[in-house]
Novice: 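The following block contains the structure, expressed as structure tokens.
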Amino acid sequence: QKEVEQNSGPLSVPEGAIASLNCTYSDRGSQSFFWYRQYSGKSPELIMFIYSNGDKEDGRFTAQLNKASQYVSLLIRDSQPSDSATYLCAVNNESNFGNEKLTFGTGTRLTIIP
Amino acid sequence: EPEVTQTPSHQVTQMGQEVILRCVPISNHLYFYWYRQILGQKVEFLVSFYNNEISEKSEIFDDQFSVERPDGSNFTLKIRSTKLEDSAMYFCASSWDRSTQYFGPGTRLTVL
């Protein structure tokens, strides 16, 4: 059973601070890693994806991947109240043709405190 | 910016009835998916579809479920005989590279 684990939170961060969200995955064959943001009652919205070890930055967001530790994280700099949402980590194993589903974690609920 | 659309936004049905959920994927995407999310739970994969056939399906996607791409733009999920436990948000997603998936706004299915 391929698992994706996240701390469900809630994680409370003061406005302007850095929010750090973490995710671990069980399948060493996993190759693509995604962070989605989900507001209550809404659909997952893609924020970042990362395929290679190291850091990937996009605006205020940085995704970090460590395949040896099976760990992926998301940093949000200069946190804003509008960042308050549930952040979903998702993993896609493309090692077998057709095995292209995303496996999601339970999500971490993030609250930015003004 | 192109986006995935879904209709209806909310569907209420009686147990045992058939429902069809509709999706219009992003126009140049070739890979299509259905996921569901029961209230308070994880997003779960149901099925993926490429080149007019199912490429993978989960254990949830039993004989009561089917998918179809009836024309060049729509992608549908049919549930033949709904059960109470089918109540969930159903998300359609599409991808151009078999990896990066973009989700539609979802259809909330309520089975009474």
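Proteins come first, then strands; the chains are lettered A, B, ... in the order of their sequence lines, and each starts at number 1. Here the structure is a predicted model, which means the values were calculated and not measured. Note: hydrogens, waters and symmetry copies are ignored here, and every other heavy atom, side chains too, is used.
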Novice: Taking all atoms of both residues into account, what is the closest heavy-atom pair of B:Q101 and A:N92, and its distance?
Specialist: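 Looking at all heavy atoms of both residues, the shortest contact is NE2-ND2, 4.2 Å.
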
Novice: Residues two or more places apart in sequence or in another chain: which of them pass salt bridge (charged side-chain N to carboxylate O under 4.0 Å, His left out) with B:R80?
Specialist: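 B:R80 satisfies salt bridge (charged side-chain N to carboxylate O under 4.0 Å, His left out) with no other residue.
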
Novice: Is it true that, when you exclude B:R69 itself, more than 12 heavy atoms of the residues, nucleotides or ligands shown sit nearer than 6.0 Å to its CZ?
Specialist: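 Enclosed: over 12 neighbouring heavy atoms sit under 6.0 Å from CZ of B:R69.
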
Novice: Find the distance between CD (A:Q6) and NZ (B:K42) and round it off to the nearest 0.5 Å.
Specialist: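 So the CD of A:Q6 and the NZ of B:K42 are separated by 9.0 Å.
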
Novice: May I ask you to test the B:V43-A:Y36 pair for a side-chain heavy-atom distance under 4.5 Å?
Specialist: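 They are not in side-chain contact.
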
Novice: For B:Q6, which atoms come within 4.5 Å of any heavy atom of chain A: side chain, backbone, both, or neither?
Specialist: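 Neither part; nothing is under 4.5 Å.
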
Novice: Decide whether A:Y51 and B:T100 meet the rule of one side-chain donor and one side-chain acceptor closer than 3.5 Å.
Specialist: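 Judged by distance alone, the side chains do pair up.
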
Novice: Give me the atom names and distance for the closest heavy-atom approach of A:S32 to B:S99.
Specialist: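 Between these two residues, the closest heavy atoms are OG-OG, 3.4 Å.
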
Novice: Quick check: are there more than 12 heavy atoms from other residues, nucleotides or ligands sitting under 6.0 Å from CZ of A:F49?
Specialist: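 Atom CZ in A:F49 is not crowded, with 12 or fewer foreign heavy atoms closer than 6.0 Å.
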
Novice: Near B:L39 CG, under 6.0 Å, is it more than 12 heavy atoms from other residues, nucleotides or ligands?
Specialist: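 Atom CG in B:L39 is not crowded, with 12 or fewer foreign heavy atoms closer than 6.0 Å.
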
Novice: If you count heavy atoms of other groups shown closer than 6.0 angstrom to CD of B:E59, is the number above 12?
Specialist: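 For B:E59, atom CD is not crowded (no more than 12 foreign heavy atoms under 6.0 Å).
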
Novice: Count the heavy atoms of every other residue, nucleotide or ligand shown that sit under 6.0 Å from NZ of A:K67, and state whether that count exceeds 12.
Specialist: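 Yes.
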
Novice: With sequence neighbours left out, write down each residue that passes side chain to side chain donor-acceptor pair (under 3.5 Å) with A:D78, or none if nothing qualifies.
Specialist: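 Only A:Q80 meet the side chain to side chain donor-acceptor pair (under 3.5 Å) criterion with A:D78.
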
Novice: Can you tell me if CG on B:D62 sees more than 12 non-hydrogen neighbours from other groups inside 6.0 Å?
Specialist: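 Result for CG/B:D62: enclosed.
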
Novice: Any idea which heavy atoms bring B:F103 and A:P44 closest together, and the distance?
Specialist: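 Reported closest heavy-atom pair: CB-O, 3.4 Å.
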
Novice: Give, as side chain, backbone, both or neither, the part of A:E45 having an atom under 4.5 angstrom from any heavy atom of chain B.
Specialist: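 A:E45 has no heavy atom closer than 4.5 Å to chain B.
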
Novice: Keeping the roles fixed (side chain from B:Y33, backbone from A:L102), state whether a donor-acceptor pair exists under 3.5 Å.
Specialist: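 Checked: no pair found.
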
Novice: Please check this pair: side chain of B:S48 against backbone of A:K101, looking for a donor-acceptor N/O pair closer than 3.5 Å.
Specialist: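 No, the answer is negative, given that no donor and acceptor are paired below the 3.5 Å cut-off.
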
Novice: Once rounded to the nearest 0.5 Å, what's the spacing between atom CG of A:L46 and atom OH of B:Y102?
Specialist: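 Taking CG in A:L46 and OH in B:Y102, the distance rounds to 5.5 Å.
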
